[in-house]
Structure formats: structure tokens, C-alpha cells
Amino acid sequence: MNRLSEFFLWGGAMAANQCEGAWKEGGKGLTIQDFVRGGSAAEPRMFTPVIDETLYYPSHEAVDFYHRYQEDIALCAEMGFRCLRMSISWARIFPNGDDETPNQEGLDFYGRLFEECLKYKIEPLVTLSHFDLPWGIVTKYNGFLERKTIDLFVRYAETVIRCFRDKVRYWLTFNEINFGVLQMGAYNSLGLIEEKFLKGSSPVPKTKLEVSLAKRIQALHHQFLASALVVQKAHEIDPDLKIGCMISHITQYPLTCDPEDMLETQKKDRILNKFAGDVMVRGVYPTYIRSWFEEENLCLETQPEDADILSQGTVDFYAFSYYMTNCSTVRNDVEQVNGNLMGGAKNPYLQTSEWGWQIDPKGLRYTLNQLWDRYEIPLMVVENGLGAIDEVEDGEIHDSYRIDYFRKHIKEIKRAVLDGVNVMGYTAWSPVDSVSAGTGEMCKRYGFVYVDRNDNGAGSFARIKKDSFAWYKRCIETNGEVL
Ligand code: BGP
């Protein structure tokens, strides 16, 4: 029996700042990512308030997708992709974020890109903001902290949705919007950098760019409003467009069955995973978050119209990234592991990746069921994959570890579908190797296609198919039957 629908959106996911490069071409303005250098799991990425062009910055050339998109999309088409998730860089459309008119060259570039996908019947799924706010928005408006940024974002979104309405039917507003509740989300997600760091002259580790919880929550509120307004706008433009939220779901298990651990797990899960989805799917702040605000002495600045904006701008589908799970506990004498956005307590039943992320395919089935029970709207796994070091041997890459990771995760998606969950699609991160968002490394590779580029910025950008390429092609060809 074929478990997945014949319309299942198989594909891959990429982000402009991690793949495009061409940081100063085509009229693009600077983005917040253009100011961070490469790091590693052990060494944090450095933020440099002034760009030193003699040094290597991963986003500046990334993997040169801007010039090689035709080759890359042809490779995706060869694997049989039905969907490609990409992001538009706001600064290619409005170079400073608040310009009066859009940059035609930027619109033309994305127009060509989407046409190229459609040529192969690949459905574009477009993220409007994936960790690369225009630098002008960061410096003039303090990222999303100023309410004015809502209008600027909505204007940008309306411009591209109108322009591409015939080419793009699926949109996501903010990548991993829930990241904003964490300290690490201040930079990537909300565009918040304290004045003292912005005006400074020496590099600062990204991990030290602290911003208060109150500011993060306020900026996140503005993102919720911006997202809800965009959902409304998109539906006005064309009621058939489908707009989703995008949450990084870092599923939490209690480390023990101690009721204290259960409560700790519930609290973490609510704040980190469920809060953003609840606001975007249900259109209202959940009561547990109001209690948490009181506990933390947080007072949100709101306008009378906010409640209506949120309730009228609920999303059509719930998209999320899933890489791993973590354990929560009140104990502080337990072994910790790394993770996407944040780490947690080590789960003795799971193996970790080379970057310390716990690999948990069954957790994906559990998560899909949990989200379906909660929301009952279509779900889409828009990021999942294994960051690993690949060795090139005689021009070949034998990445059996990656195949193993995908096989196990896709099996669990099929099981979740049999459980009754509505899963629209699956886009693996990232079909072609790209720069790691967390560490800025190239050696943390996710692709089915290898890119000849190293962590110092050397390499020819040549593309090589890995063993996983043929495996994923077969998987899609058989609609997930042959894994
Ligand atoms: C998610 C981001 C992606 C992507 C992925 C893998 O959080 O949305 O942009 O990069 O994680 O993480 P990393 O690149 O840090 O390995």
C-alpha cells in the first residue's frame, strides 16, 4: 500500500544567505549575515561591526547559487523534486529595507529562479525572511524592536507576493520564528544588536551579543503581527495562496519520570516549541504564556488592534524543522549535549551527530502526532538532515551515514501518516551543500550534492553528486516506497 499522497511535496530546502553569495551584486544591500565570520562547534562566530573585506565571511560568496542556480535546480530536478524551498533576501528587493521603490534587478533574479523551478514542475516554497534582515533595518529600526519594521516587512512581502503570485503558491513568513525566545535568536531572527556592539570597533563573539528577554519578546510580538498581516494580505491578493508558519521544533522529553522533570519539560516545550505555533495557528496568545510573562515581569507593549490582527491572520499550514530531540530536567549534574539553537540533557538511548545533535527518527513520528493532535491543520517537515564531514574519494562521496539518517526519518513520517497525520511534504536540508547557519562552516555538510568549497573560502564551487543523490532520487521516484 502506498502510504503517501501522490501529491506529496518531496524536495529540499535552502536559504538565500547560506547559498546565494553575490553579496554586493544585483543591487543587493547588506544583510545582518554579511557581518559574521565563520566559526566551528568549539569557536563561536565573530560579529564584526565593520566588514574587513580582506577576510573570509561565509555569506559573501556562500556556494555561489546566485550564479549557479540553473545547475543546482537541474540537479534537484534530476532527483525528481516536486518542491524546492528557498528564501528571498529582503535586501535584494529593498536594499536598505525601507527604500521607496523595489530593486528591479532583485525581482528579476527571483523571477528567473522561480521560472527555472517551474520549467521542471518544481513547486517553489518561499520563505520571506530566513535569518538575513537588511542591515538598514538592524541599524535604523533596531530590527523588529521598532513597530515601524512591521510596515516595512509587510510592504516587502506584498511586493514579492504580488509580483510572483502566478509562480509561487506556498509561502512561509519567518524561518524558525520561535528562535526569538532564545538569546541566540536576537541576532539571526530578530535583528537586535545593542548599540554598544554596533558602534564598537572590535569583533565580538556572537554568543556574547546579549539582549534582554523583554526586548526579544517585544520584537517577537512585532514579528507575529507582521506575519499575521502578511497572511491577510496574501489571501486578499489570491485566496488560493497557502501561507505557513515555520517553527524549529526541538522536541523535549523528560529525562526521568520525576514529576519535577515532567513539569520542567512541559514548561520548556510550551515556551520554546508551542508558544509561537499557538499564536500563529490559533491567533491568540496562550494563557500559559501570559503567566510566564508575569513570572518574568515582562510587559508587552501592544495596540488595541493587535488582537484582531492576530486572530485574522492565522496560517494555512504548520511547517517545521526537525533535526533532533533533547531531554529536560531540573537536575544540573547531568551530561549535556549540543543542539540546533540550544542543547539539553543527554538522552542515553540516542546517538549524536559529529556536531553533538541527538539523532532521533522516532521522535519525528512522535512530534508529527503531537502537532496534529494539537492543531489539526496540514503539517510539513521543511527541514531535516544530517550535518556531517564528507570525504571525497576518487571523485566520489560515499555518505551512507546520511542515507541512513534520511531512511529512518522518512520511515517515521510514513508511520505518522498511517497514524492519521496529514503531512503535506518533506524538504530535506539542504540539497546542495551550503554554509552552516550555526557555525558558518562549510565542512558541516548536509547536501545530496557536494560543493567544492572549504572553511577558508578556497575551492572551485564544482558540484559532485554524493551516493545519497541516487538514493533520494529512488525514494522520490517510488513515492517513499523504496528506502
Ligand atoms: C536551521 C536553520 C537553517 C539550517 C539548519 C541547520 O536552524 O533554519 O538555516 O542551517 O538549521 O543548522 P546548521 O546550519 O547550524 O547546522
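Keep in mind the model is a prediction, meaning the values are calculated, not measured. Counting starts at 1 for both ligands and their atoms, in listed order. Below, each value reflects all heavy atoms present in this structure, side chains not excepted, and no hydrogens, waters or symmetry copies.
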Original post:
Taking distance alone, with no angle check, do W357 and ligand 1 share an N/O pair under 3.5 Å?
Top reply: no
Original post:
Stepwise, does the side-chain hydrogen bond (donor to acceptor under 3.5 Å, both in side chains) test hold for D399 with Y450?
Top reply: CA-CA 10 Å; D399 56 342; Y450 181 94; over 6 Å; no
Original post:
Taking the six-membered ring for Trp, are F144 and F153 parallel (under 30°), tilted (30 to 60°) or perpendicular (over 60°)?
Top reply: perpendicular
**OP:** Please work out whether any backbone atom (N, CA, C, O) or any side-chain heavy atom from C-beta onward of A437 is under 4.0 Å from ligand 1, and answer side chain, backbone, both or neither.
**Re:** both
Subject >> Listed partners of Q336 passing side-chain contact (heavy atoms from CB on, under 4.5 Å), at least two apart >> reply: V334, A345
**OP:** Look up atom CD in E383 and atom OG in S321, then write down how far apart they are to the nearest 0.5 Å.
**Re:** 5.0 Å
Original post:
Short list, please: which atoms of ligand 1 are under 4.0 Å from a heavy atom of S436?
Top reply: 13 (P), 14 (O), 15 (O), 16 (O)
Original post:
What atoms of ligand 1 come within less than 4.0 Å of a heavy atom belonging to Q18?
Top reply: 3 (C), 4 (C), 9 (O), 10 (O)
**OP:** Would you check whether F179 reaches within less than 4.0 Å of ligand 1, judged by its heavy atoms?
**Re:** no
Original post:
With a 4.0 Å heavy-atom cut-off (strictly under), which part of W355 contacts ligand 1: side chain, backbone, both or neither?
Top reply: neither
Subject >> Interfacing atoms of ligand 1 (cut-off 4.0 Å, heavy-atom, Y446) >> reply: 6 (C), 12 (O), 13 (P), 16 (O)
Subject >> Nearest candidate to atom 7 (O) of ligand 1, where distance is taken over non-hydrogen atoms, out of H130, M14, K444, E176 >> reply: E176
Subject >> Non-hydrogen side-chain atoms of V168 and P124 separated by less than 4.5 Å >> reply: yes
Original post:
Can you find a side-chain donor-acceptor pair between T251 and T325 that sits under 3.5 Å?
Top reply: no
Subject >> Counterpart residues, side chain to side chain donor-acceptor pair (under 3.5 Å), relative to K411 (two or more places apart) >> reply: none
Subject >> Min N/O separation G438 to ligand 1 under 3.5 Å >> reply: yes
